[in-house]
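A short write-up of the structure that comes next.
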Amino acid sequence: MTKTNRALLLIEDNQDDVFLMKRALKAARVMNPLYVVEHGQEAVDYLGGAGKFADRESYPLPAVVFLDLKLPFISGHDVLAWIRRQKPLESLVVVVLTSSNEASDLSRCYSLGANSYVVKPPTSEQLEELAKAFKWYWLEYNQFDES
């Protein structure tokens, strides 16, 4: 499976941010299917293949996860820690995409194993530029562990 058709997972509870991210990815011509979950427990269930997410044909493991930190039920920090404890997900690319520019959040996320930490840009145009940069780096040039 090529990088351009592998799934992306957006873990985000704010519907406005979901809409803007979908629009930015489309504008950047990211053709990968995007799956969205709205809270931390749903993220763990999706990534763990639990409940309604057990069907990997319908809910494939993503190549990249976009993770918000401020989530209901289970925080983004706790989702990230959970991901890194799962052997099958140890090489999963996790991009923290958050409104927090707190140094403590940045430090904690990297110590928990985030691959990237990005503060959500203030304008939709800047988010589109971020999506283009994401596509260029993560989908066109980055090499994925396919094992």
Side-chain angles (χ1 to χ4, degrees), residues 3 6-28 30 32-56 58-147:
K3 294 179 278 191
R6 296 220 16 224
L8 306 176
L9 179 63
L10 174 60
I11 306 169
E12 174 62 67
D13 65 318
N14 182 308
Q15 290 306 307
D16 291 337
D17 287 347
V18 170
F19 171 79
L20 291 171
M21 185 63 162
K22 285 180 176 180
R23 193 170 83 181
L25 290 170
K26 184 177 180 178
V30 173
N32 303 59
L34 179 68
Y35 295 81
V36 179
V37 295
E38 296 181 359
H39 57 76
Q41 184 60 57
E42 201 174 25
V44 168
D45 291 347
Y46 184 107
L47 293 167
K52 71 177 187 179
F53 300 111
D55 177 9
R56 285 294 180 214
S58 298
Y59 302 101
L61 277 175
V64 177
V65 170
F66 296 105
L67 175 63
D68 188 25
L69 293 181
K70 294 171 178 48
L71 297 169
F73 304 111
I74 300 175
S75 74
H77 291 109
D78 290 339
V79 170
L80 179 56
W82 179 87
I83 290 170
R84 292 304 181 226
R85 288 192 305 268
Q86 310 309 305
K87 183 77 172 149
L89 302 177
E90 64 186 6
S91 64
L92 179 63
V93 174
V94 179
V95 176
V96 174
L97 184 60
T98 181
S99 57
S100 173
N101 60 3
E102 296 292 323
S104 60
D105 281 334
L106 174 76
S107 175
R108 185 172 178 202
C109 286
Y110 278 122
S111 72
L112 289 171
N115 298 93
S116 183
Y117 187 100
V118 179
V119 176
K120 293 175 185 174
T123 69
S124 58
E125 292 81 14
Q126 289 172 322
L127 185 60
E128 287 179 19
E129 289 303 312
L130 177 65
K132 289 175 186 172
F134 159 79
K135 178 186 178 188
W136 178 81
Y137 181 79
W138 290 110
L139 299 177
E140 293 179 4
Y141 289 96
N142 186 61
Q143 299 297 308
F144 288 94
D145 180 3
E146 299 289 342
S147 59

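Keep in mind it's a predicted model, so treat the numbers as computed, not measured.
To the nearest 0.5 Å, atoms CD1 (Ile83) and CG (Asp78) are separated by 11.0 Å. Between Leu97 atom CG and Ser116 atom OG the span is 9.0 Å, to the nearest 0.5 Å. A distance of 13.0 Å separates NZ of Lys26 from CG of Leu34, quoted to the nearest 0.5 Å. Rounding to the nearest 0.5 Å gives a distance of 7.0 Å between CG of Leu71 and CD of Glu12. Arg108 CZ to Glu102 CD: the interatomic distance, rounded to the nearest 0.5 Å, is 13.0 Å. Here Glu38 contributes atom CD and Asn14 contributes atom CG; the two are 10.0 Å apart, rounded to the nearest 0.5 Å.
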CA sep, side-chain torsions, deciding dist, call: Val96, Asp105, side-chain contact (heavy atoms from CB on, under 4.5 Å):
CA-CA 10 Å; Val96 174; Asp105 281 334; over 6 Å; no
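Across all non-hydrogen atoms, the minimal contact from Leu80 to Cys109 is CD2-O, 3.5 Å. The nearest pair of heavy atoms linking Leu47 to Leu61 is O-CD2, 3.7 Å. Nearest heavy atom pair, residue Ala7 against residue Pro60, reads CB-CG, 3.8 Å. Annotation for Leu92 and Val64: closest pair CD1-N, 4.5 Å, computed over non-hydrogen atoms. Nearest heavy-atom pair across Gly49 and Arg56 is N-NH2, 3.1 Å. Nearest heavy atom pair, residue Lys70 against residue Ser100, reads NZ-CB, 3.7 Å.
Under the 3.5 Å distance criterion, the side-chain polar atoms of Asn32 are matched with a main-chain donor or acceptor of Arg6. A donor-acceptor contact shorter than 3.5 Å links the side chain of Asn115 to the backbone of Val94. Looking only at distances, a side-chain donor or acceptor of Gln86 sits under 3.5 Å from a matching main-chain atom of Trp82.
In this pair, Tyr117 and Tyr110 present their aromatic rings tilted. The plane angle is within the 30 to 60° band. By the 30° and 60° cut-offs, the orientation of the rings of Phe53 relative to Tyr59 is perpendicular.
In this structure the side chain of Glu42 never reaches within 4.5 angstrom of the side chain of Ile11, judged on heavy atoms. Counting only heavy atoms from C-beta outward, the side chains of Leu69 and His77 approach each other to under 4.5 Å. Lys22 is not listed as a side-chain neighbour of Leu10, based on a closest heavy-atom distance of 4.5 Å or more.
When the side-chain hydrogen bond (donor to acceptor under 3.5 Å, both in side chains) test is applied to Gln41, the partners found at least two apart in sequence or on another chain are Asp45. Applying the side-chain hydrogen bond (donor to acceptor under 3.5 Å, both in side chains) rule to Thr123 yields the partners Gln126; only residues at least two apart in sequence or on another chain are considered.
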